[in-house]
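Worksheet: the structure to be examined is printed underneath.
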Amino acid sequence: MNLLSLILTAFGLSMDAFAVSITNGMRMKKITNKNAAKVALYMGGFQGLMPAIGWALGLGFKDYITSIDHWIALILLSIIGGKMIYEAMQDKKHPEEYKENKSKDEDTDSKVNNEKLVSNKELLLLAIATSIDALAVGVSFAFLNISIVSSALIIAIITFIMCFIGVKMGKKCGSFLKDKAEIIGGIILILIGINIFLEHTNFLGLI
């Protein structure tokens with residue numbers, strides 16, 4: 001695999017993480033470079049780590065990995081997306097409570113506010129869900145004459161950059177959509193999970 005092919009592979013692998021980063025940006029009330037970098041670091045870190053793990057596992061586990069990766073992605077993204085939609089709908093059902101909580105949030109340090117919206121645990125689950133494809137790709141790397149260290153590093157860096165940009169883009173979308181941002185973000189996450197599932201199962205032969 002030449003450098004251009006590797007870069008294109010990295011861009012392809014980063015697309016799901018990029019889309020998820022946009023939804024994270026939509027949910028944040030205030031975005032700093034530090035918060036955007038935090039999201040990008042989770043996404044890029046796991047996107048680079050997974051190929052290395054897949055490379056280490058080797059061909060013996062390839063069939064097992066590819067048989068369950070799409071299910072894991074679908075379940076994790078659907079749970080997180082469903083949670084976002086549910087919480088947004090609860091805020092709409094109880095507007096007074098929502099306003100009270102919002103008022104309290106505005107008096108809270110912006111760093112804490114952002115961490116509350118996108119927790120470390122949630123970022124971890126999102127990073128795993130969007131990087132499982134890279135695990136299977138890493139298995140194939142074991143049989144190619146390339147350096148896994150440099151390959152994983154390139155994938156991680158490109159994903160980091162894409163996700164950093166995605167968070168910034170998401171903030172602009174979130175400001176425009178306001179209270180609908182979290183519902184739309186949840187729907188997007190569920191659709192990403194479904195898309196990953198369909199791509200792997202060739203559902204009804206349509207994809």
Partner set under side-chain contact (heavy atoms from CB on, under 4.5 Å) for Leu41, not counting sequence neighbours: Phe160

Which pairs of donor and acceptor atoms, one on a side chain in residues 149-158, lie under 3.5 Å apart (sequence neighbours left out)?
{"residue": "Ser150", "atom": "OG", "partner": "Ser147", "partner atom": "O", "Å": "3.1"}
{"residue": "Ser150", "atom": "OG", "partner": "Ser147", "partner atom": "OG", "Å": "3.4"}
{"residue": "Ser151", "atom": "OG", "partner": "Ser147", "partner atom": "O", "Å": "2.8"}

Student check: side-chain heavy atoms of Ser21 and Val167 closer than 4.5 Å: yes

Nearest atoms (heavy-atom pairs only) where Ile31 meets Ala36: CG2-CB, 4.2 Å

Spacing of Cys163 atom SG and Met15 atom CE [to the nearest 0.5 Å]: 8.5 Å

Minimum-distance pair of heavy atoms, taken over all atoms of Met43 and Val20: CE-CG1, 3.6 Å

same_hphob_cluster(Val39, Phe164) at 4.5 Å side-chain heavy-atom cutoff: no

Short side-chain to backbone donor-acceptor contact, Thr32 and Asn35, under 3.5 Å: yes

From CG (Leu191) to OG1 (Thr23), nearest 0.5 Å: 11.5 Å

Exercise: identify the closest heavy-atom pair between Pro51 and Ile148: O-CD1, 3.8 Å

hydrophobic_cluster_shared for Ile75 and Ile85, side chain cutoff 4.5 Å: no

Interatomic spacing from CE in Met169 to CE in Met162 - rounded to 0.5 Å: 8.5 Å

Side chains of Ile190 and Leu74 in contact at under 4.5 Å (non-hydrogen atoms): no

side-chain contact (heavy atoms from CB on, under 4.5 Å) against Leu124, all qualifying residues, sequence neighbours excluded: Tyr42, Phe46, Ile128

Separation of Leu13 CG from Phe18 CZ (nearest 0.5 Å): 15.0 Å

Point-to-point distance, once rounded to the nearest 0.5 Å, from CD1 of Ile165 to CD1 of Ile22: 10.0 Å

Evaluation steps, side-chain contact (heavy atoms from CB on, under 4.5 Å), between Leu125 and Ile79: CA-CA 10 Å; Leu125 292 175; Ile79 289 174; over 6 Å; no

Cluster overlap Val137 with Leu8, hydrophobic side-chain contacts below 4.5 Å: no

Separation of Ser131 OG from Met50 CE (nearest 0.5 Å): 3.5 Å

